[in-house]
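Structure record follows, encoded as structure tokens.
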2 protein chains.
Amino acid sequence: MKLDEAKEKFIQAWGVLGTSWGISRTMAQVHALLLVSSQPLSAQEIIDTLSISQGSANMNLRALIDWQLIEKIVKIGERKEYFSAEKDMWEITRRVMRERRKRELEPILKMLEDVKTIELSEKDKKEIETKEEIEQKNKEIKEFKEMMQQIDSFANRAEKALDVMIKASESKIVERFLK
Amino acid sequence: MKLDEAKEKFIQAWGVLGTSWGISRTMAQVHALLLVSSQPLSAQEIIDTLSISQGSANMNLRALIDWQLIEKIVKIGERKEYFSAEKDMWEITRRVMRERRKRELEPILKMLEDVKTIELSEKDKKEIETKEEIEQKNKEIKEFKEMMQQIDSFANRAEKALDVMIKASESKIVERFLK
DNA sequence: ACAAACTTTCAAATAAGATTGAAATTGTGT
DNA sequence: ACACAATTTCAATCTTATTTGAAAGTTTGT
């Protein structure tokens, strides 16, 4: 099998995998293409190779830059912009971890802020209830608060753990040890 | 704010978060509802509370069981099936990790199997090329192989690391230490 | 064996998300 | 200031994933 076929196979596969990683097929394909290109590519080259539109190329390239998975390269004396992917898997992983922490963990913490500040009390009850009903209600309130507390402390720990992992993996010593 | 409002807020938020975790909105909402229910719920109760169809309820409940995030409960003397969520965040995390490893990591390894078995050689060339071109081609082949190798060893390490984390978190000692 | 209660299936409808393509905008050299 | 190349935007369109709802299937008690 020739190099170009292998590259194409890789791009296809990376595109499929991307979808299960919450990344759109095209974004993953653009990333894959840049991962296996030995030199930076222009937007036009990407458009031609993957048969996508200018608009899509632009959008996906911007998103990849946002994730810090690729960067713009400007060649002196040239007007076109070129794009080049970070090729170190450790660096890629760190950047994906950072981005996902931002997108996935922070919203949880924010949501819990909201839910936790509300005052849960049985005082609002309008109806006369039996002792059993009131106790059941109190039990439910307690359980709900515990669940929220559990999620909150979990999310906080996860955030700290991620921090540690990211920082640790940045250390040359740890990296060498793992490699 | 009353308990039911708080629960609803949580369910809504969990649903939104689910989408960025590659879980459908409804599946996440069903999960959230069961997380904050102090007793198991029947399919009908879930359908009514979330205003979803029977079909959707059935499908999403099945998926959650598949992920081992909820389980069926049969009450003696009752025909209906009830559903109850695992409520320990550590257990939830382990199960999600297992499921995601299966879905996300294994396909990568499988794809690399394919790409790596192909023989990359410059022998197929039909055209006469300059020495420089041949050298460039060889360099590209080398780089491509290195990239594949990097991804492969990364994926393997990630799989092992996940294993270690899952196993470690199952240990009561580590769990207590982290808590 | 039947009816009632409940669950599952699946083709069609819907909703959510991604892509296109044409037009607008930006930047560069003359 | 103009022309040209490149980039960006965005409403319309297309794709894909999810949900629905009605019908079929299952299980249980009589």
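Chain letters run A, B, ... following the sequence lines, proteins first, then strands; residues in each count from 1. What you are looking at is a predicted structure, and each value in this text was computed from that prediction instead of being measured.
Using a 30° and 60° split on the angle between ring planes, Phe144(A) and Phe10(B) fall in the perpendicular class, above 60°.
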* To do: Evaluate the side chain to side chain donor-acceptor pair (under 3.5 Å) criterion for residues Glu140(A) and Gln136(A): first the C-alpha distance (whole Å), next the side-chain angles of each, then the deciding distance (0.1 Å), finally the verdict.
  => CA-CA 6 Å; Glu140(A) 277 189 25; Gln136(A) 172 59 23; 3.2 Å; yes

* **Stepwise salt bridge (Lys or Arg N to Asp or Glu O under 4.0 Å) check, Glu91(A) with Arg95(A)** => CA-CA 6 Å; Glu91(A) 196 51 45; Arg95(A) 291 179 183 178; 3.0 Å; yes

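The shortest distance between side-chain heavy atoms of Met89(B) and Ser153(A) does not fall below 4.5 Å. Glu106(A) places a side-chain heavy atom less than 4.5 Å from the side chain of Glu159(A). Residues Leu34(B) and Ile46(B) meet the side-chain proximity criterion, which asks for heavy atoms closer than 4.5 Å. Within the 4.5 Å cutoff, no side-chain heavy atoms of Lys75(A) are placed close to those of Glu81(A). Phe154(B) places none of its side-chain heavy atoms less than 4.5 Å from the side chain of Ile108(B).
Put simply, CG on Asp48(B) is 14 Å from C1' on dC6(C), counting in whole angstrom units. Rounded to whole Å, the distance from NZ on Lys75(A) to C1' on dA5(D) is 17 Å. The CD1 atom of Ile47(B) sits 14 Å away from the P atom of dA22(D) (whole-angstrom rounding). Nucleotide dA18(C) holds its P atom 13 Å from the CG atom of Leu64(A), rounded to whole Å. Atoms CD1 (Ile65(B)) and C1' (dT7(C)) sit 12 Å apart, rounded to a whole Å. As rounded to whole Å, 14 Å separates atom C1' of dG21(D) from atom CD of Gln44(B). When rounded to the nearest whole Å, the span between CG of Leu50(A) and P of dT20(C) equals 10 Å. Rounded to whole Å, atom C1' of dT7(C) lies 14 Å from atom CD1 of Ile52(B).
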Give me the distances for all protein-to-nucleotides 26-30 of chain D N/O pairs that come in under 3.5 Å?
{"residue": "dT27(D)", "atom": "O2", "partner": "Arg79(B)", "partner atom": "NH2", "Å": "2.6"}
{"residue": "dT28(D)", "atom": "O2", "partner": "Arg79(B)", "partner atom": "NH2", "Å": "3.2"}

* Nucleotide-resolved protein contact map, nucleotides 8-17 of chain D, B/S/- at heavy-atom distance under 4.0 Å -> BB--------

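Ion pairing between Lys102(A) and Glu99(A) holds under the 4.0 Å rule for side-chain N and carboxylate O.
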